[in-house]
Amino acid sequence: MNIFGLFERRVGEAVARLAADGRIPDGIDTGRVLVEPPRDPSHGDLATNAAMAIAKGARTNPRALAEWLAADLRTDPRITDAAVAGPGFINLRIAPHVLHDVIRAALLDPAGYGRSGQGGGASVNVEYVSANPTGPMHVGHGRGAVFGDALANLLAFSGFSVTREYYVNDAGAQVDVLARSAFLRYREALGEEIGAIPDGLYPGDYLVPVGRGLADQYGAALRDRPETEWLPLVRAAAITEMMALIRDDLSSLDIRHEVFFSERSLKDGPVDEIGRTIDAMRDRGLVYEGRLPPPKGQLPEDWEDREQTLFRATEFGDDVDRPLLKSDGSYTYFAADIAYHRSKIERGFATLIDVWGADHGGYVKRMGAAVSAVSGGAATLDVKLCQLVRLLRGGEPVKMSKRSGSFVTLREVVDEVGPDPVRFMMLFRKYDAPLDFDLAKVREQSKDNPVFYVQYAHARVASVFRQAAETAPGRALDRPSLAAADLSALVDPSEIELALRIAQFPRLVEAAAAAHEPHRLAFYLYDLSSLFHALWNKGKDLPQLRFVKQDDESSTRARLALLGALRGVLASGLAILGVSAPEEMR
RNA sequence: GACUGCGUAGCUCAACCGGAUAGAGCGUUGCGCUUCGAACGCAAAGGUUGGGGGUUCGAGUCCCUCCGCGGUCGCCA
């Protein structure tokens, strides 16, 4: 249950009654009416901007409107007070039983609390990672991987039908370079001395096993054949191995895609999907032969002014029209990418989310233009650009990696600190802000480490339940029993504040899902944990606030009910982020 | 030069389709804590939200402009 939505509807009814009474005009737009937590808890439990939001349409001053609405709201048994404040806010105090209902709902259905029908089952495609299959994943890939995965979880939790997809760039020049690099390792495996890896080839030793595999499979048969003959074979083998490597890296973070979509299949499949896409666009007048103005700033050395096949991207908000064919007549990467996104649309997705690295920023407009063009405006594309990750150890930048040849691999980091800190810290920052990831800090078991702080809150709740069971062996601690407790024993402001924060969970999930911003959930869990730890600490000085009290079974049960609700929200939130919720931490 | 993201406390960052007195953590300062639930607690100081202008009842948030930092800049992927 979402009390914010509940009271938003209630406020809407109050507005409708004002209209029915003739005090304001009919049909006023209430789309901007919000019920939200007040900035200052002393103002009330909930606040609404309704009077200010409709004042213009009602042609009445906000204060007067607020008084009318407040009078109506005061008649509701769920509302104990409605006060007008400031420019026209209405601050609401809700009856204790409303909050008790929230606690019971969260307690009785921990996995369902916060879920919503927001998505209405709509199909959403989240494309993330899509790292080139030329080597192991590095830390930068890891951020997009975790972000995309948490976002997919969040959307699924919010009632969307989500497909997690990986676009395998198995068609460009890079995979040919991969093939040549693997071929070198193949010759090495046959006993040849290859010396230093030449510039332009991938030096990483992760290709050594690929070379060995080729030697096992083909013996010396490929060695003296021309490149045109061995390259497709070696390339296919190497890509298969690299994708296995990447899937393994991803599984170390518990990330699994449902669809791996091959770029090569667009061109080499039964039909040339890229050609088909271009033809379809041409039929609609979106493709023409023309010249492009030279790029501003430094001119590329090999710039030649020539006529080429262009997509009218400018008609869809891009800065210039974009080429679909290279000078040798082959398709550009962009042309393939249009065909790929068109395939997503043809597969029934109206909402496309792409998670890219910051270096692809210049690509966003043209892809958005392409999606508008090929879908006729029916599909939307939201591109999330994840900023760079700076890897630190004790404040000092970490560089290089022997294994990969040039970068720190994701796997090295996961192996060192574990998947939970990697996932949580990658999400404990807005995606469009650069991220510092400190290998030393994320392993600290102290309140300064957010991962530990949140997980420890969950473990601490579990510990209270263990203690509750030990101190009174006959005590019924199952959820239905606790839900039957008299919750009116919860009176301390700290307890109420915690309950109110739990009540915000559904609203927060909804907003985070709508904005495609899973980091909000990470911050919420941190705040929630902070309230709980504070309450715990208060019990140290004030024994009457302890959760388990030998001499007061009824307040013990009420508090355990609250903690049971808290435990569910923590577990549920952490599950969306893909972080474990430990029962104990040792 | 163009496009794009960012600019919030000394530092690292939040701020929910524009809402009230811009919030946390670290650091600083002060007080507390004889393992009872301290893998610490409480409190304080700290801000012209990069500068300027505009829209609005109301702007960190939207628009314009300038400054600074990063990214990208026909056919690479």
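Keep in mind that this is a model prediction, so the values were computed, not measured. Residue numbering restarts at 1 for every chain, and letters A, B, ... go by the order of the sequence lines. Just so it is clear, the values below take in all heavy atoms, side chains as well, and ignore hydrogens, waters and symmetry mates.
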Trainee: Please check the phosphate of B/G41 (OP1 and OP2 only) for any side-chain N or O of A/K538 closer than 4.0 Å.
Mentor: no

Trainee: Taking B/A44 as the reference, what is the distance to B/G37 when you measure between their C1' atoms (whole Å, please)?
Mentor: 27 Å

Trainee: Quick one: closest heavy-atom pair of A/L65 and A/A51, and the distance?
Mentor: CD1-O, 3.6 Å

Trainee: Would you mind classifying the nucleic acid contact of A/F428 as base, sugar-phosphate or nothing, using non-hydrogen atoms under 4.0 angstrom?
Mentor: nothing

Trainee: Would you mind reading off the distance between A/E36 atom CD and B/G19 atom P, rounded to a whole angstrom?
Mentor: 7 Å

Trainee: Check side-chain contact (heavy atoms from CB on, under 4.5 Å) between A/H516 and all other residues, then give those that pass, not counting sequence neighbours.
Mentor: A/L151, A/L155, A/I353, A/D382, A/K384

Trainee: Let's see if you can work this out: which of B/A20, B/G74, B/G25 has an atom nearest to the side-chain heavy atoms of A/A47?
Mentor: B/A20

Trainee: Please measure how far the C1' atom in B/U34 lies from the corresponding atom in B/G25, and state the result in whole Å.
Mentor: 30 Å

Trainee: Name the nucleic acid region contacted by A/H519, choosing base, sugar-phosphate or nothing; use a 4.0 angstrom heavy-atom cut-off, strictly under.
Mentor: sugar-phosphate

Trainee: Tell me the stems RNA chain B sits in, counting at least three consecutive Watson-Crick or G-U wobble pairs, each under 3.5 Å on both distances.
Mentor: B:1-7 with B:67-73, B:10-13 with B:23-26, B:28-32 with B:40-44, B:50-54 with B:62-66

Trainee: Relative to each other, are the rings of A/F311 and A/F334 parallel, tilted or perpendicular (30° and 60° limits)?
Mentor: tilted

Trainee: So what does A/R429 touch, heavy atoms closer than 4.0 Å: a base, only the sugar-phosphate, or nothing?
Mentor: sugar-phosphate

Trainee: Would you mind reporting whether A/E127 and A/Y166 have side-chain heavy atoms less than 4.5 Å apart?
Mentor: no

Trainee: How close do A/K326 and A/R306 get, heavy atom to heavy atom, and via which atoms?
Mentor: C-NH2, 3.8 Å

Trainee: Look at the side chain of A/D319 and decide which nucleotide, out of B/G19, B/C3, B/C16, has an atom nearest to it.
Mentor: B/C3

Trainee: Would you say A/S494 and A/D492 are linked by a side-chain donor-acceptor pair, where the criterion is simply a distance under 3.5 Å?
Mentor: yes

Trainee: Identify whether any heavy atom of A/G31 sits under 4.0 Å from a base atom; if not, whether one sits that close to sugar-phosphate; answer base, sugar-phosphate or nothing.
Mentor: base

Trainee: Between B/U21 and B/C6, how far apart are the two C1' atoms, rounded to whole Å?
Mentor: 28 Å

Trainee: Looking at every strand, decide which applies to A/P434 at a 4.0 Å heavy-atom threshold: base, sugar-phosphate, or nothing.
Mentor: sugar-phosphate

Trainee: For A/L388, check side-chain contact (heavy atoms from CB on, under 4.5 Å) against everything at least two apart and list the hits.
Mentor: none

Trainee: Using 4.0 Å as the upper bound for N to carboxylate O, is an ion pair formed by A/D319 and A/R366?
Mentor: no

Trainee: What is the separation between atom CG on A/N449 and atom P on B/G25, rounded to the nearest whole Å?
Mentor: 15 Å

Trainee: Are A/K430 and B/A15 close enough that a side-chain N or O sits under 4.0 Å from OP1 or OP2?
Mentor: yes

Trainee: Separation of A/L388 atom CG from B/C6 atom C1', in whole Å?
Mentor: 12 Å

Trainee: Between A/D354 and A/H360, is any side-chain donor less than 3.5 angstrom from a side-chain acceptor?
Mentor: no

Trainee: Roughly how many Å apart are B/G53 and B/G58, using the P atom of each and rounding to a whole number?
Mentor: 16 Å

Trainee: Select one nucleotide: of B/G71, B/A20, B/C57, the one nearest the side-chain heavy atoms of A/M52.
Mentor: B/C57

Trainee: Students often get this wrong, so: under 4.0 angstrom with heavy atoms, is A/R390 touching a base, only sugar-phosphate, or nothing?
Mentor: nothing

Trainee: Name the residue closer to the 5' end of RNA chain B, choosing between A/P62 and A/L292 according to the nucleotide with the nearest heavy atom.
Mentor: A/P62

Trainee: Considering only atom P, compute the distance from B/C17 to B/G46 and round it to an integer number of Å.
Mentor: 30 Å

Trainee: Can you tabulate the close N/O pairs, meaning under 3.5 Å, that link protein atoms to atoms of nucleotides 34-39 of chain B?
Mentor:
residue, atom, partner, partner atom, Å
B/G37, N7, A/Q467, OE1, 3.1
B/G37, N2, A/W536, O, 2.9
B/A39, O2', A/Q445, O, 2.2
B/A39, N7, A/Y456, OH, 2.9
B/A39, N6, A/M585, O, 3.1
B/A39, N1, A/M585, O, 2.9
B/A39, N3, A/Q445, OE1, 3.3

Trainee: Counting distance alone, no hydrogens or angles: does the base of B/C17 have a donor or acceptor under 3.5 Å from a partner atom on the side chain of A/R32?
Mentor: no

Trainee: Given B/A77, B/G74, B/G19, which nucleotide is nearest the side-chain atoms of A/Q174?
Mentor: B/A77

Trainee: Would A/D552 and A/K549 count as a salt bridge (Lys or Arg N to Asp or Glu O under 4.0 Å) if you check the C-alpha gap in whole Å, the side-chain angles of each, and the deciding distance to 0.1 Å?
Mentor: CA-CA 5 Å; A/D552 187 349; A/K549 288 167 54 185; 3.7 Å; yes

Trainee: Using the P atoms only, state how far B/G70 lies from B/G60, rounded to an integer number of Å.
Mentor: 28 Å

Trainee: Return the minimal non-hydrogen interatomic distance between A/V35 and A/E8, and the atom names on each side.
Mentor: N-OE2, 2.9 Å

Trainee: Without decimals, in angstroms, what is the distance between A/D29 CG and B/C17 C1'?
Mentor: 12 Å

Trainee: 5'-most contact on RNA chain B: A/L310 or A/T48, nearest heavy atom basis?
Mentor: A/T48

Trainee: Would you mind classifying the nucleic acid contact of A/G361 as base, sugar-phosphate or nothing, using non-hydrogen atoms under 4.0 angstrom?
Mentor: nothing

Trainee: For A/L508, enumerate each residue passing the side-chain contact (heavy atoms from CB on, under 4.5 Å) test, keeping only those at least two apart in sequence or located in another chain.
Mentor: A/L521, A/Y524

Trainee: Look at A/H43 and B/G19 and indicate whether a side-chain polar atom (N or O) is within less than 4.0 Å of OP1 or OP2.
Mentor: no

Trainee: Sticking with atom C1', work out how far B/A20 lies from B/C64, rounded to a whole angstrom.
Mentor: 28 Å

Trainee: When we call it a touch if two heavy atoms are under 4.0 Å apart, what does A/E517 touch: a base, just sugar-phosphate, or nothing?
Mentor: nothing

Trainee: Compute whether any side-chain donor of one residue and acceptor of the other, for A/T309 and A/E289, lie under 3.5 angstrom apart.
Mentor: yes

Trainee: What integer distance in Å separates A/K365:NZ from B/U72:C1'?
Mentor: 12 Å

Trainee: Hey, what's the ring geometry for A/H533 with A/Y453, parallel, tilted or perpendicular (30° and 60° as the breaks)?
Mentor: tilted

Trainee: Taking CG from A/L178 and C1' from B/A77, how many angstroms apart are they, rounded to a whole number?
Mentor: 13 Å

Trainee: How far does the P atom of B/C11 sit from the matching atom of B/U49, given to the nearest Å?
Mentor: 16 Å

Trainee: Does anything in residues 523-533 of chain A come within less than 4.0 Å of RNA chain B? Heavy atoms only, and list the residues if so.
Mentor: A/F523, A/Y526

Trainee: A/F547 vs A/F532 aromatic rings, parallel, tilted or perpendicular, using cut-offs 30° and 60°?
Mentor: parallel

